[in-house]
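Remarks on the structure that follows.
We count residues from 1, following the sequence as given. Here the structure is a predicted model, which is why all the values come from computation and not from measurement.
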Amino acid sequence: TMFAGKNFVFDPRRFEPMHDARVLGCCVSCSTPHDDYDNGPERRCPSCRLLLLMCDGCRALNTDAPRCGLPSCPASWGKGWAGSP
């Protein structure tokens, strides 16, 4: 294939059916390798609504989605990366 990992698409498929087995994403909570957006209800950053990757273990422990921590997120404005001071 032309892409490494899964190529995300903006329709109900979520990714192209042809992909290699490499996992390039990681869980937003624990950073373990993870690339499945469809392992439960959507988790989105409550500030910017970015779709988040969360592994099964973190989904079981966390009822609320964490913030994405990206500099472009309104929750991070005026702060360093991931909301650090």
Quick one: pull up SG in Cys27 and CG in Asp35 and give me the separation to the nearest 0.5 Å.
12.0 Å

Backbone of Cys26 reached by a side-chain donor or acceptor of His34 within 3.5 Å:
no

Taking every non-hydrogen atom, the tightest pair across Leu50 and Cys68:
CD2-CB, 3.8 Å

Cys45 versus Leu52, closest heavy-atom pair with distance
N-CD1, 3.6 Å

Residues which pass side-chain contact (heavy atoms from CB on, under 4.5 Å) with Leu51, listed by chain and number, not counting sequence neighbours
Phe8, Arg14, Tyr37, Glu42, Arg44

Does any non-hydrogen side-chain atom of [Y] lie less than 4.5 Å from one of [X]?
X     : Y     : value
Val28 : Leu53 : no
Ser47 : Cys73 : yes
Cys30 : Met54 : no

Criterion side-chain contact (heavy atoms from CB on, under 4.5 Å) on Leu70 and Cys48, from CA distance to verdict:
CA-CA 9 Å; Leu70 295 173; Cys48 69; 6.0 Å; no

Pairs flagged by side chain to side chain donor-acceptor pair (under 3.5 Å) wherever residues 23-33 is involved - sequence neighbours left out:
none

Can you list everything that forms a side chain to side chain donor-acceptor pair (under 3.5 Å) with Asp36? Sequence neighbours excluded, please.
none

